[in-house]
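Data block below; observations after.
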Amino acid sequence: MARVPLPRILSTGGAHLARSRELARTAADGATDVLHPLITITRGLRRLVAAGRRRWAETPKDRRGSLLFLAASIVLVVTLVPYGLLLAVIALMAAAAWAGREGAVAEPVGPDESQTQRLRSLYEALVPYFSASEDPEPLYARGGAWDKAFPTYAFDGTGRICHLLIRYPAYFTDGEAEARARVEQLLHTKAGRGREYRFTWDEEGNELTVAVLPPLATDITAQRFVTAPGETVLGFTDETHVQRTLPLSSGEEQRDVPPVVWRTGVRSTEPHLLAVGEPGSGTTTLLRSIALQALQHGDVVIVEGGGSGEYACLSGRDGVLAVESGISGALASLEWASQETERRLIATNRARQAGLPAPDDIRRPLWLLLDRPTVLTHLAAAEGRPDPQSLLQIPLRHGRAVDVTVVITEQFDHLDALTEVVRQHTRARVVLGPASPGQVETVLGAAPPTTPTPDMPPGRGYARLGPAPALRLQVPTTPDPYDDTTPEPHRQAVLDLLPPHTTLADALTKAAPAEGRADGSSGRPS
């Protein structure tokens, strides 16, 4: 049988197809070369938009308004400037071309396998808390989509979650402290122990923000803080919760740190302070730091119940009226302080009735610093003497009007020994050192704003000034310069802040009997 030849189109089709593919590839390469600038700009715009969304999600809600105002101001300026829109478009295209170049780091398209597993495990763990059997379209269900519940997330260098936005159903009882505490405990366990978390509940939007907080700086030493008279720096906190920073020096480095500023005086709403902590937590350091700041503008009386000599460096200094650790000296100093407060009240009242300013001898602030006064309370009861805390009633109740401030430090085990007057009038509160959430809430009147950390350095804790929110706090390093274990830089920093020793003439004046109290002169504790 003769072989029938194939049609010509079939015998030469391979060559035609190969030539067509080559032409199509050449056309595509040419189009890519022609459209390469447009592709680069488009990719850069996409990356800029993604970066802007991440920046917006990371911005705290209390700062978003100022960010929007700044953006609107920039748009207004660009609109009013001649050729502003044209220059803005050119700048945007240049930024997009730079961001979309081949060497630029591409934005992450999503979590990797290990991060996805972490998010899925966390989602599954939240199912019993955020689900209900009668929900027709549950947001949380076994094997559900975790990406709908976690719209925003971020990981640190170790692969652990450092920021997470959680959506939860509206029927979850987020108004109950017990329900929220259970969820926070679960997130603290699943997201990684050994870190400090802040949980922000948005009850209106049914969202929970989980943020891992960096540790507060512990290298800030005692120094002169840039404050006004009547302002005392208790320590330093997070920059997102205060609207002020202070310039500080750490060695040769200069930086701005957000402080926790306590305002005292006539216009203060929290004129007296109570600090609580265990031994070694830093309450003595806080009291020493307050004393050094108070001596810039006022006089100080120190009563030390522990008798450990932590304030010997202040004895005999200008402005330090007394440093007492015995029961007799403490009672005498506090009795004088009570009488001095009465004298200032009488002098102020007479000046106001006469239409005159307050006398000069009552304008200088007076600070009463008491370290563990309950120890002296037990000693006074054993010896049949009056309670030293009873002598604080007048300074606590009327001291604000005449610039008399009381600061008390105590331990958790002796809080029940504090009198009701002390608890009622010390509305500025500080908790330092390791403490359970219940202990922190007992002192501050509010739950701690973050989870406890495994290692609490000295001076680390929380502060709450009256009804204001509780803040993280790190007290500046203010050790005893007479302690042999104190590092030399820290010792020198404290010695530089100490006022000079009282001269002999001043000592004789302060030790003179207070015969002149009847005619308005100021007495001093001997």
Side-chain angles (χ1 to χ4, degrees), residues 220-235 246 248 259-265 268 271-273 275 282-304 309-325 329 333-334 336-337 340-341 344 360-371 395 399-400 402-409 428 430 459 475-483 486 490-507 509-511 522-526:
I220 301 176
T221 58
Q223 54 191 280
R224 292 296 182 203
F225 302 119
V226 183
T227 57
E231 293 183 344
T232 303
V233 176
L234 300 179
L246 290 181
L248 299 179
V260 178
V261 177
W262 174 40
R263 293 173 176 84
T264 58
S268 172
H272 310 295
L273 182 139
T283 54
T284 302
T285 298
L286 174 62
L287 202 64
R288 196 182 293 112
S289 174
I290 292 176
L292 293 177
Q293 297 179 63
L295 288 173
Q296 298 182 58
H297 308 285
D299 298 326
V300 173
V301 174
I302 301 176
V303 175
E304 182 186 5
E310 293 284 347
Y311 307 96
C313 61
L314 296 171
S315 181
R317 303 280 180 173
D318 286 349
V320 181
L321 305 182
V323 178
E324 302 290 347
S325 58
S333 297
L334 294 180
W336 172 87
E340 173 66 9
T341 304
R344 292 187 176 206
D360 294 338
D361 61 342
I362 66 172
R363 291 184 179 181
R364 187 170 174 85
L366 175 63
W367 291 72
L368 305 180
L369 309 182
L370 293 85
D371 191 357
R400 179 180 64 175
V402 289
D403 273 337
V404 177
T405 303
V406 180
V407 180
I408 299 175
T409 64
V430 173
V475 178
T477 304
T478 315
D480 181 8
Y482 294 167
D483 188 357
T486 301
H490 297 170
R491 182 203 315 274
Q492 192 60 43
V494 176
L495 291 176
D496 293 341
L497 298 179
L498 290 174
H501 284 281
T502 304
T503 60
L504 181 59
D506 294 336
T509 302
K510 293 181 180 180
S522 174
R524 292 292 187 270
S526 58

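Residue Thr478 comes nearest to Ala222 through the heavy atom pair OG1-CB, 3.7 Å, listed as atom of the first residue, atom of the second, then distance. Nearest approach of Pro476 to Phe225, heavy atoms of both residues: CG-CZ, 4.1 Å. Scanning both residues, Glu310 and Thr284, for their nearest heavy atoms gives CB-CG2, 3.7 Å. Smallest separation of non-hydrogen atoms from Thr341 and Pro395: OG1-CG, 3.8 Å. Closest heavy-atom contact between Gly298 and Arg364: O-NH2, 3.0 Å.
Proximity of Leu234 to Val475: side-chain heavy atoms (C-beta onward) are nowhere separated by under 4.5 Å. Contact check for Leu497 versus Arg224: side-chain heavy atoms found under the 4.5 Å cut-off. Side chains of Trp262 and Thr405 form a contact here, defined as non-hydrogen atoms less than 4.5 Å apart. With contacts defined as side-chain heavy-atom distances shorter than 4.5 Å, the pair Cys313/Leu498 qualifies. Counting only heavy atoms from C-beta outward, the side chains of Leu321 and Trp336 approach each other to under 4.5 Å.
Between Ile302 and the choices Leu369, Leu370, Leu368, the side chain to side chain contact (heavy atoms under 4.5 Å, CB included) rule is met once, by Leu369. Checked against Thr409 for a side-chain hydrogen bond (donor to acceptor under 3.5 Å, both in side chains), the options Thr285, Thr283, Asp371 give a single hit: Asp371. Between Leu292 and the choices Leu287, Asp496, Leu314, the side chain to side chain contact (heavy atoms under 4.5 Å, CB included) rule is met once, by Leu314.
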Practice item. I would like to know whether Val300 and Tyr311 meet side-chain contact (heavy atoms from CB on, under 4.5 Å); could you show each step before the answer? Key: CA-CA 12 Å; Val300 173; Tyr311 307 96; over 6 Å; no

Exercise for review: Check step by step if side-chain contact (heavy atoms from CB on, under 4.5 Å) holds for Leu295 and Val320.
Suggested key: CA-CA 8 Å; Leu295 288 173; Val320 181; 3.9 Å; yes

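Atom CZ of Arg317 sits about 3.5 Å away from atom NE2 of His501, to the nearest 0.5 Å. With rounding to the nearest 0.5 Å, the separation of CD1 in Ile290 from CH2 in Trp367 is 6.5 Å. Note: Arg363 CZ to His297 NE2 = 15.5 Å, rounded to the nearest 0.5 Å.
With sequence neighbours excluded, no residue forms a side chain to side chain donor-acceptor pair (under 3.5 Å) with Gln296. In this view, Thr486 and Pro479, Asp483, His490, Arg491 satisfy the side chain to side chain contact (heavy atoms under 4.5 Å, CB included) rule, not counting sequence neighbours.
Between the side chain of Arg400 and the backbone N or O of Pro271, no donor-acceptor pair lies under 3.5 Å.
The residues Arg288 and Asp480 are annotated as not salt-bridged, no charged nitrogen and carboxylate oxygen being separated by less than 4.0 angstrom.
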